[in-house]
Amino acid sequence: MIVRTLQEAEKTARRIVSPDGNWESTRLLLKDDKMGFSFHITTIYQGADFQMHYQNHLESVYCIAGEGEVETLADGKIQRITPGTLYILDKHDQHILRAFKEMKMACVFNPPLSGKEVHNAEGAYELDAESIAE
Ligand code: 9YT
């Protein structure tokens, strides 16, 4: 069994701060753990409004705290996000995330992230990103 805490992981290279200033994410479980998925606690900063398109990954996002909305570009639908909301990007949906109040999210990625991924120009993660070294 593996046990990690957010408090300890935040002090390591598991904490990634996005250069676009929209979010930070502490990646508690990664590809190296060989679980078939990765698990992150992500903070979306208040006022963030940005587009993502995970062409290479499936992602589920559960809101623990905060308030915002997610818009799917294919149909223009907007879903409110409050604590307890889970959105599931089962179609590699191109989407916009907006945070009205800072949001804390629990995110699961399949295939798992290696550790150092930040969004490319399309708002996707590449498949062969660098691993974190601990
Ligand atoms: C909700 C979302 O996709 N935010 C971007 C960061 C991502 N969850 C990550 O890399 O942990």
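Counting starts at 1 for both ligands and their atoms, following the listed order. Residue numbers start at 1 and run along the sequence shown.
- The protein heavy atom nearest to atom 2 (C) of ligand 1 is E59 OE2, 3.5 Å.
- The closest side-chain donor-acceptor pair between T43 and K104 falls under 3.5 angstrom.
- The protein atom (non-hydrogen) at minimum distance from atom 1 (C) of ligand 1 is Y87 OH, 3.6 Å.
- Using cut-offs of 30° and 60° on the angle between ring planes, the pair Y54 and H119 is tilted.
- Using a 3.5 Å distance cut-off with no hydrogens or angles, the side chains of N56 and E126 do not pair a donor with an acceptor.
- The shortest N or O to N or O distance between Y54 and ligand 1 is under 3.5 Å.
- A donor and an acceptor atom, one from each side chain of E59 and Y87, are nowhere located under 3.5 Å apart.
- Considering backbone and side-chain atoms together, W23 places no N or O closer than 3.5 Å to any N or O of ligand 1.
- What you find for I64 and P83 is that their closest heavy atoms are O-CB, 3.4 Å.
- In terms of protein heavy-atom proximity, atom 7 (C) of ligand 1 is closest to Y125 OH, 3.5 Å.
- Residue, atom and distance of the protein heavy atom nearest to atom 4 (N) of ligand 1 are I44 CD1, 3.8 Å.
- Close approach of ligand 1 to H40 is summarised as follows: ligand atoms under 4.0 Å from at least one heavy atom of the residue are 9 (C), 10 (O), 11 (O).
- Of all protein heavy atoms, the one lying nearest to atom 11 (O) of ligand 1 is S25 OG, 2.6 Å.
- Scanning all heavy atoms of the two residues, the minimum distance from H40 to S25 falls at CB-OG, 3.4 Å.
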Take F39 and F109 through the test ring pair (Phe, Tyr, Trp, His ring centres under 6.0 Å) and record every step on the way to the result.
CA-CA 7 Å; F39 179 85; F109 277 83; over 10 Å; no
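- Under a 4.0 Å criterion applied to the non-hydrogen atoms of C107, ligand 1 contributes the atoms 8 (N).
- For R27, every heavy-atom contact with ligand 1 shorter than 4.0 Å involves the side chain, none the backbone.
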